[in-house]
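As structure tokens, the structure follows; a few thoughts come after it.
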Amino acid sequence: MAFRMEPMQQPRSSSLSKFLFLLALLHFVELKVWGHQILESEQYPLVVSTWPFLEAVRAAWRSVDGGSSAVDAVVDGCSACEELRCDGTVGPGGSPDENGETTIDAMVMDGLTMEVGAVAAMRYVKDGIKAAKLVMKHTKHTLLAGEKASEFAISMGLSGPTNLSSTESINKWAQWKDNKCQPNFRKNVLPIDNCGPYHPTKSLDLPEMCSNTAYMQDIDSLLPHVGLHSHDTISMAVIDKMGRVAVGTSTNGATFKIPGRVGDGPIVGSSAYADNEVGACCATGDGDIMMRFLPCYQVVESMRLGMEPKHAAQDAIARIARRFPDFVGAVVAINKNGEHAGACHGWTFRYTVRSSAVKDVKVFTVLP
């Protein structure tokens, strides 16, 4: 009888070891991939916010450090600012419009899915950032505005209708009325009496070359000064433990704005922007000017092309300043590695950071 020699087979334990090694290697590679994958890093989590809104940053940190997603942590942080009425410019009770009413603008963006939810000129509902999240979670839209945004938010479970005015905002509005409604945001108009109604002036027709820089400066000089206590936004970015990025904003807009005005707060790419593949940006300042340039989208795209956060932030601000030298604003750039830097124009800007590298929030100062 003939015998055939079979090739010697590898022991089962060796094959199993190789399989486990390859599985571990694939897992390691997956953890290092951005985009729709996750990334583990000792640099995370991370919370960054415009201005020294310390309690808002602490609230976001407690949320994300406890395991919440970046989106939920942003909502928790901005909600804290709304409840505290940060600087009188976030949440209810501040920044009355020409009619003495306070309205809310807010936005949230998920840098993993690129979903956005926003509300603008929202009346009667105090929870701006929560309403924005409801738009993102329960609609296929990006932005809801006005009283219909309020109706949607209430139908989804938020409290309301609520009077968003406060004693302080009404007193501020009354003093403004006593000052003949000055300063205000109108131009090329004459009032029938001190506070309107207004009608266009024929003597100030717009020139044909509206892009003329000198003329734009002339228009800008007619606007009331934008300052820390007259017009401001919380803009926050969070990177969670899995490396997912989200941003959110909330504001009650410019003081004595024309009713119906929407600033840059709920405009994605202007007040904030996030992309898991790159990082995030937060902005604050004169939204009527800044929203024309989408500075946060510009910052993120500059970082995508290889710019460091510092240079990306400076470049975005410089683009605006070249056209509007008197504008006031700032941005914070955060890359996917957790590196951050700010740039500003027209004021000294401060932003707040909380990470595992420090025991509490840390405030950074940026000079113009």
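These values consider heavy atoms only, across backbone and side chains, with no hydrogens, waters or symmetry-generated copies. Bear in mind that the values here come from a model prediction, so they are computed numbers and not experimental data.
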key: Chi angles and distances behind the side-chain hydrogen bond (donor to acceptor under 3.5 Å, both in side chains) call for T50, T284   = CA-CA 7 Å; T50 55; T284 184; 5.0 Å; no
query = In Å and rounded to the nearest 0.5 Å, what is the CD1 to CG distance from I334 to L46?
reply = 7.0 Å
inquiry  = Using a strict threshold of under 4.0 Å (side-chain N to carboxylate O), is an ion pair present between D193 and K180?
reply    = no
request  = Examine distances only and state if a side-chain atom of D72 and a backbone atom of S68 form a donor-acceptor pair shorter than 3.5 Å.
outcome  = no
query = In terms of hydrophobic clustering (I, L, V, M, F, W, Y; side-chain heavy atoms under 4.5 Å; direct or indirect links), are Y273 and I320 co-clustered?
reply = yes
key: Nearest non-hydrogen partners of F185 and F256, listed with the distance   = CD1-O, 3.6 Å
inquiry  = Determine whether E308 and N335 satisfy the following criterion, side-chain contact (heavy atoms from CB on, under 4.5 Å), listing intermediate values before the conclusion.
reply    = CA-CA 8 Å; E308 297 178 358; N335 68 17; over 6 Å; no
ask   = Roughly how far, to the nearest 0.5 Å, is the CE atom of M156 from the NZ atom of K137?
value = 10.5 Å
query = Does some side-chain heavy atom of M303 sit less than 4.5 Å from a side-chain heavy atom of H311?
reply = no
Non-hydrogen side-chain atoms of V47 and V64 separated by less than 4.5 Å = yes
remark   = In short, disulfide bond (SG atoms under 2.5 Å apart) pairs touching residues 83-174 with sequence neighbours left out are C81-C86
query = Do T139 side-chain atoms and V135 backbone N/O form a donor-acceptor pair below 3.5 Å?
reply = yes
query = According to the salt bridge (Lys or Arg N to Asp or Glu O under 4.0 Å) rule, which pairs have a member within residues 149-164, sequence neighbours left out?
reply = K148-E151
request  = Taking side-chain contact (heavy atoms from CB on, under 4.5 Å) as the test, write out the residues that go with Q175, two or more places apart.
outcome  = none
ask   = To the nearest 0.5 Å, what is the distance between CZ (R85) and OG (S95)?
value = 11.5 Å
Stepwise side-chain hydrogen bond (donor to acceptor under 3.5 Å, both in side chains) check, K362 with S355 = CA-CA 9 Å; K362 183 176 181 180; S355 71; over 6 Å; no
task = Would you check, one step at a time, whether the test disulfide (SG to SG under 2.5 Å) holds for C181 with C195?
result = CA-CA 5 Å; C181 298; C195 292; 1.9 Å; yes
Trace of the side-chain contact (heavy atoms from CB on, under 4.5 Å) decision for M107 with S271 = CA-CA 9 Å; M107 184 266 287; S271 64; 3.7 Å; yes
query = Got a donor-acceptor contact below 3.5 angstrom from the T233 side chain to the S235 backbone?
reply = no
request  = Side-chain contact test, heavy atoms from C-beta onward, threshold under 4.5 Å: evaluate it for V247 versus V108 and give yes or no.
outcome  = no
message = Please enumerate all residues that pass salt bridge (Lys or Arg N to Asp or Glu O under 4.0 Å) together with D360, with sequence neighbours excluded.
response = R58
request  = Using a 4.5 Å cut-off on heavy atoms from C-beta on, say whether the side chain of V366 contacts that of T348.
outcome  = no
query = Are side-chain heavy atoms of D87 and F53 found at a separation under 4.5 Å?
reply = yes
request  = Only counting residues at least two apart or in another chain, list the ones meeting side-chain contact (heavy atoms from CB on, under 4.5 Å) with S155.
outcome  = F152
ask   = Salt bridge or not for D110 and R244, using N-O below 4.0 Å?
value = no
task = Kindly give the heavy-atom pair with the smallest separation between I317 and A343, and that separation in Å.
result = CG1-O, 3.8 Å
task = Verify, without hydrogens or angle tests, whether R292 (side chain) and D288 (backbone) share a donor-acceptor contact under 3.5 angstrom.
result = yes
request  = Apply side-chain hydrogen bond (donor to acceptor under 3.5 Å, both in side chains) to T249 and list each qualifying residue two or more places apart in sequence or on a separate chain.
outcome  = none
message = Show, in sequence, the C-alpha distance, side-chain angles and deciding distance for D275 and M114, and conclude whether the side-chain contact (heavy atoms from CB on, under 4.5 Å) test is met.
response = CA-CA 7 Å; D275 187 334; M114 306 305 285; 4.2 Å; yes
key: Rounded distance [0.5 Å steps], CD in E82 versus CD1 in I104   = 6.5 Å
query = Take atom OH in Y198; do more than 12 heavy atoms of anything else shown fall under 6.0 Å from it?
reply = yes
key: Donor-acceptor contact present, side-chain R354 to main-chain V358, <3.5 Å   = yes
key: Polar side-chain atom of D240 near backbone of M242 as donor-acceptor pair, under 3.5 Å   = yes
inquiry  = How long is the straight-line distance from OG1 of T352 back to CE of M236, given to the nearest 0.5 Å?
reply    = 8.5 Å
Partners passing side-chain hydrogen bond (donor to acceptor under 3.5 Å, both in side chains) against E168 (at least two apart in sequence or in another chain) = S166
ask   = Do the ring planes of W51 and F349 sit parallel (below 30°), tilted (30 to 60°) or perpendicular (above 60°)?
value = perpendicular
task = Please name all residues satisfying side-chain contact (heavy atoms from CB on, under 4.5 Å) with S302, sequence neighbours left out, ordered by chain then number.
result = Q298, M307, A312, D315
remark   = With sequence neighbours left out, the residues meeting salt bridge (Lys or Arg N to Asp or Glu O under 4.0 Å) with D65 are none
Aromatic plane relationship, H345 with F327 - under 30° parallel, 30 to 60° tilted, over 60° perpendicular = parallel
query = Is there side-chain contact between P161 and I154, with at least one heavy-atom pair below 4.5 Å?
reply = yes
Sub-6.0 Å ring centroid separation between Y351 and H340 = yes
note = The reported gap from CG in L294 to CG in D264 (rounded to nearest 0.5 angstrom) is 10.0 Å
request  = Go through the steps for V363 and L54 under the test side-chain contact (heavy atoms from CB on, under 4.5 Å), then give the verdict.
outcome  = CA-CA 9 Å; V363 177; L54 308 186; 3.7 Å; yes
inquiry  = Would you say that D76 contacts W61 through its side chain, given a criterion of any heavy-atom pair below 4.5 Å between the two side chains?
reply    = no
request  = Taking the side chain as every heavy atom from C-beta outward, state whether D105 and V262 have any pair of such atoms under 4.5 Å apart.
outcome  = yes
key: Qualifying residues under side-chain contact (heavy atoms from CB on, under 4.5 Å), relative to E115, sequence neighbours excluded   = T113, M136
ask   = Is a side-chain N or O of W176 found less than 3.5 angstrom from the main chain of P183, in a donor-acceptor match?
value = yes
task = Tell me, please, which residues at least two apart from D97 pass side-chain hydrogen bond (donor to acceptor under 3.5 Å, both in side chains).
result = none
inquiry  = If you count every heavy atom of other residues, nucleotides or ligands that lies below 6.0 Å from H138 atom NE2, does the total exceed 12?
reply    = yes
Any donor-acceptor pair under 3.5 Å from N252 side chain to G91 backbone = yes
Extract all donor-acceptor atom pairs below 3.5 Å that involve side chains of residues 118-129 and protein atoms in other chains or at least two apart in sequence.
| from | atom 1 | to | atom 2 | distance (Å) |
| --- | --- | --- | --- | --- |
| R123 | NE | E101 | OE1 | 3.4 |
| R123 | NE | E101 | OE2 | 2.7 |
| R123 | NH1 | E147 | OE1 | 3.2 |
| R123 | NH2 | E101 | OE1 | 3.4 |
| R123 | NH2 | E101 | OE2 | 3.4 |

